[in-house]
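Residue numbers start from 1 in every chain, and the chains themselves are labelled A, B, ... in the order their sequence lines are given, proteins ahead of strands.
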There are 2 protein chains.
Amino acid sequence: MSVLPAAFALGKGIGCAMQPRSALLCRFLYDLNICSVSVVRMARTAGSHSDITGPRVLDAALRLFAQHGFAAVSMRQIAREVGVQAGALYNYTPDKQTLLFDLMRRHMEDLLEQRQDRLSAADPLSRLEDFARFHIRYHLNRPDEVFIAYMELRNLTEENFATIEELRRRYEAELEEILRDGVAAGLFVANDIRITTMAVIAMLTGVTTWYRPSGRLSGDEVELLYWDMVRKSVSA
Amino acid sequence: MSVLPAAFALGKGIGCAMQPRSALLCRFLYDLNICSVSVVRMARTAGSHSDITGPRVLDAALRLFAQHGFAAVSMRQIAREVGVQAGALYNYTPDKQTLLFDLMRRHMEDLLEQRQDRLSAADPLSRLEDFARFHIRYHLNRPDEVFIAYMELRNLTEENFATIEELRRRYEAELEEILRDGVAAGLFVANDIRITTMAVIAMLTGVTTWYRPSGRLSGDEVELLYWDMVRKSVSA
DNA sequence: GTCTATATGCAGATAGAC
DNA sequence: GTCTATCTGCATATAGAC
């Protein structure tokens, strides 16, 4: 994993102050795990579009991977979507694998960061409600990222997979702790906390398989319906 | 969809009495939607292995698709696994797409057939328990089929996708009806039966993401844990 | 930073000998 | 039915001009 703070890796921070003079250097930074493709910001030079092309590469990859699957999408397709030739993509990523990995890592780190901001010491029931509603809302708002994060795990290299899995484990750990506290307090009944954790996450994440913004129900209604079922499923 | 009865399409029936003399004829039958690759049984001729190679092709494709994904697996890989050259595969399937479609259709039709055998007029609670336990058990026993059925939908052609979706819809319809009956009888509370249906299915199917036969819990224990959560999630 | 051109390899599918 | 050989095309990634 990158040693950079999450805000940096997520492209929300100060940006990369370095000014790599070539794609080779960009790749070199990758190899050192120092710099993420999504945050490399080079000095503008005549005819340069890196500050707009960079994000567009990730956006295009996100959309295409979600729609057709990582293995079914070619670098040429991504390039066409961005409006450049295939070779130009390699100014922004050392290879296709890293493109996928960056998308997934960005997603997971954003997820964790947002939860971090909402951690509270309230009673387990309130914390469970917050977690459930957050999970639904977040997943409804980012269908492509979520889809990729669940479907493309097997296309990661072993090392990248381990990184993503660790991030996912951390996210699930919060729910597991809420349930544990709730059971200890006599508020919840869960015969096997680990399995209950997985079951609740699966139930909530399943919303992505059917929800469409244009559908019968609003996001708020869906959020409430799911929270109600989660609440009952762990009720005493 | 094939007009053949399910037992035939599933390779459980009498087999195909026809004796195609060439791969071309095999493909022709496909085009007419008359014969499924999984059930073509040709007369044994000197040096022929079709009666063993056929199933082996599907088995190999099943395993490889589940492990690496449809798009990432080549016909050459499948052939190597079976122990033949790539060209020989086309005696058993007209193309790679049909291989995927047959695997998914076989899975869904088997699922539906097994449910058909268990339909009962018992009270909704008993029917819900039977459905939930069946779903867990079936999915634990066929991890590869289930994985493919959920992950490879987007790699189906439009027409094949419609067929599989219709089969899935039929399966979900049984659960929806159970819930509807239970709510009408005052046994269950579900604020939106359609969403509850999707949520329960997602919760149950999620078992495939973590369960391993060598793990801490037996299949029976898992079955009971999940049934307990489903029961509570729709409780009054 | 982006282009064109290219190196290198594998993909799905077919033809025809045996 | 299976083989070998092959057609045709696209894949990832790189080199070097501008």
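Not counting sequence neighbours, A:Tyr226 has no partner by the ring pair (Phe, Tyr, Trp, His ring centres under 6.0 Å) test. Here B:Phe131 pairs with B:Tyr171 under the ring pair (Phe, Tyr, Trp, His ring centres under 6.0 Å) rule; sequence neighbours left out.
Relative to the ring axis of B:Tyr150, B:Arg168 places its NZ or CZ within 45° and under 6.0 Å from the centre.
By the 4.5 Å heavy-atom criterion applied to side chains, A:Tyr138 and A:Leu111 are counted as neighbours. For the pair A:Arg194/A:Thr197, a side-chain contact is recorded, criterion being any heavy-atom separation below 4.5 Å from C-beta on.
Here D:dT4 presents its P atom at 16 Å from OH of B:Tyr90, a figure rounded to the nearest Å. Nucleotide D:dC10 holds its P atom 11 Å from the CD atom of A:Gln77, rounded to whole Å. Taking atom CG of residue B:Leu89 and atom P of nucleotide C:dA11, one finds them 12 Å apart after rounding to whole Å. Taking atom CE of residue A:Met75 and atom C1' of nucleotide D:dA11, one finds them 11 Å apart after rounding to whole Å. Atom pair B:Ile78:CD1 and C:dA13:P shows a separation of 10 Å (rounding to whole Å applied). In this structure, B:Lys96 places its NZ atom 12 Å from C1' of C:dA13, rounding to the nearest Å.
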Extract from the structure each pairing of a protein N or O with an N or O of nucleotides 3-9 of chain C at less than 3.5 Å, listing the distance.
{"residue": "C:dC3", "atom": "OP2", "partner": "A:Gln85", "partner atom": "N", "Å": "2.6"}

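Distances shorter than 4.0 Å separate none of the side-chain N or O atoms of A:Ser74 from OP1 or OP2 on D:dC10. For the OP1/OP2 pair of D:dG1 and a distance below 4.0 Å, the side-chain nitrogens and oxygens of B:Thr53 include no atom meeting the criterion.
The residue A:Val82 sits apart from the nucleic acid: no heavy atom pair falls under 4.0 Å.
Of the listed residues (A:Asn155, A:Asn160, A:Asp102), just one forms a side-chain hydrogen bond (donor to acceptor under 3.5 Å, both in side chains) with A:Gln97, and that residue is A:Asn160.
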